[in-house]
Amino acid sequence: WERAYSPEFYEQLPQNWQRRNFLFGSAKTATALALAPLLAQLSACKRQGAPQVDLQQHPWPTFAAVQEVLFPADGNGPSAKDIQATQYLQLVLQTPGFDAEERKFILEGVAWLDQYAQEQNKKAFLTLNIPQRDAVLRAISDSGAGERWLSTLLNYVLEALLCDPVYGGNPQGIGW
């Protein structure tokens, strides 16, 4: 050990080898420090299991119906259902630390949507056919809050399309 720590030992090494080892060691350390919180979270998820997702309970069928209008199956790529956009949205809303006001806004949007559908069609949004659903969504997009709500939902659909499958959307990378 004495030889390895002696100044003569380091003087014998090529100068670029010393610098390369220092940079490589620094990069390894920085990477380990940056990934530590993520690895701890993934480890906790594995121990606890993935959160349970029940898409049959209100309001999730309505979210699924809205997402299918926003991102339908058209033969050119996956639909909102194919990329598990509703499941992804539910998991995101259950994430600890998720913005409480945004969660409330997203969830209350279903009640507003159903109320509007009742006023216009005398039916709940889920009981409408696709053209009626599309008309209701187009009508609510004319208001600022409605446009913001639909934009928020579409944002999460696109996240589900492009995210790593480990996050609950984009199964088997079909969105890639």
Side-chain angles (χ1 to χ4, degrees), residues 31 34-118 123-176:
T31 302
L35 291 177
L38 176 63
L39 294 175
Q41 187 177 17
L42 286 174
S43 176
C45 286
K46 285 182 181 178
R47 284 192 307 269
Q48 297 171 355
Q52 295 300 313
V53 177
D54 182 6
L55 299 178
Q56 301 306 312
Q57 247 182 334
H58 180 72
W60 304 110
T62 304
F63 280 120
V66 170
Q67 290 171 333
E68 278 299 313
V69 173
L70 295 175
F71 207 79
D74 64 358
N76 291 322
S79 68
K81 183 178 181 179
D82 296 333
I83 60 172
Q84 299 176 353
T86 307
Q87 177 181 351
Y88 175 77
L89 178 63
Q90 188 178 43
L91 292 173
V92 166
L93 293 180
Q94 291 175 352
T95 301
F98 186 81
D99 184 81
E101 286 189 35
E102 185 168 352
R103 179 185 298 115
K104 181 180 176 187
F105 175 71
I106 291 169
L107 294 172
E108 286 180 352
V110 171
W112 302 328
L113 177 66
D114 273 333
Q115 181 182 358
Y116 185 82
Q118 280 287 356
K123 295 179 182 179
F125 184 79
L126 275 177
T127 63
L128 301 175
N129 61 34
I130 299 297
Q132 291 171 321
R133 289 177 182 176
D134 185 56
V136 167
L137 294 179
R138 286 180 190 276
I140 69 163
S141 72
D142 289 337
S143 73
E147 181 181 17
R148 185 172 150 238
W149 187 71
L150 291 172
S151 294
T152 300
L153 291 183
L154 187 56
N155 180 55
Y156 286 111
V157 169
L158 295 175
E159 279 186 21
L161 173 71
L162 300 172
C163 74
D164 190 306
V166 73
Y167 298 110
N170 193 16
Q172 299 171 342
I174 63 173
W176 298 337

(message) Just so I know, are the side chains of Ile83 and Leu162 near enough to count as touching, which here means a heavy-atom distance under 4.5 Å?
(response) no
(request) For residues Arg133 and Ile130, determine if any side-chain heavy atom of one lies less than 4.5 Å from a side-chain heavy atom of the other. (result) yes
(message) For Leu128 versus Lys123, what's the shortest heavy-atom pair and its separation?
(response) CD2-CB, 3.8 Å
(message) Any heavy-atom pair between the side chains of Phe63 and Leu107 that's under 4.5 Å?
(response) yes
Taking only distance into account, with no hydrogens and no angle test, what donor-acceptor pairs under 3.5 Å do side-chain atoms of residues 64-74 form with protein atoms, sequence neighbours excluded?
from: Gln67; atom 1: OE1; to: Thr86; atom 2: N; distance (Å): 3.1
from: Gln67; atom 1: OE1; to: Thr86; atom 2: OG1; distance (Å): 2.4
from: Glu68; atom 1: OE2; to: Ser79; atom 2: OG; distance (Å): 3.4
from: Glu68; atom 1: OE2; to: Lys81; atom 2: N; distance (Å): 2.5
from: Asp74; atom 1: OD1; to: Asn76; atom 2: N; distance (Å): 2.9

(message) If you compare all heavy atoms of Arg148 against all heavy atoms of Phe105, which two are closest, and at what distance to 0.1 Å?
(response) NH1-CE1, 3.6 Å
(request) Please indicate whether Gln118 has more than 12 foreign heavy atoms, meaning atoms of other residues, nucleotides or ligands, lying under 6.0 Å from its CD. (result) yes
(message) To the closest 0.5 Å, what do you measure between CG (Leu113) and OG1 (Thr62)?
(response) 7.0 Å
(request) Using the side-chain contact (heavy atoms from CB on, under 4.5 Å) rule, take Val110 and Trp149 through it: C-alpha gap first, then chi angles, then the decisive distance, then the call. (result) CA-CA 10 Å; Val110 171; Trp149 187 71; 4.2 Å; yes
(message) Please check this pair: side chain of Ser143 against backbone of Gly146, looking for a donor-acceptor N/O pair closer than 3.5 Å.
(response) yes
(request) Identify the two heavy atoms, one from Leu126 and one from Asp114, that lie closest to each other, and give their separation to 0.1 Å. (result) N-OD1, 4.5 Å
(request) Provide the closest heavy-atom pair for Tyr167 versus Leu91 in the form atom of the first, atom of the second, distance. (result) O-CD1, 4.1 Å
(request) State the CG-CD distance between Leu137 and Gln132, to the nearest 0.5 angstrom. (result) 12.0 Å
(message) Please determine whether the number of non-hydrogen atoms from other residues, nucleotides or ligands lying under 6.0 Å from atom CZ of Arg103 exceeds 12.
(response) yes
(request) Could you pull out the closest heavy-atom pair between Pro78 and Gly175, with the gap in Å? (result) CG-CA, 4.4 Å
(request) Please report the shortest heavy-atom distance between Tyr88 and Glu159, naming the atom on each side. (result) OH-OE1, 2.5 Å
(request) Just jot down the side-chain contact (heavy atoms from CB on, under 4.5 Å) partners of Glu108, sequence neighbours excluded, or say none. (result) Lys104, Trp112
(request) Output the distance between atom CG (Leu93) and atom CG (Asp99), rounded to the nearest 0.5 Å. (result) 10.5 Å
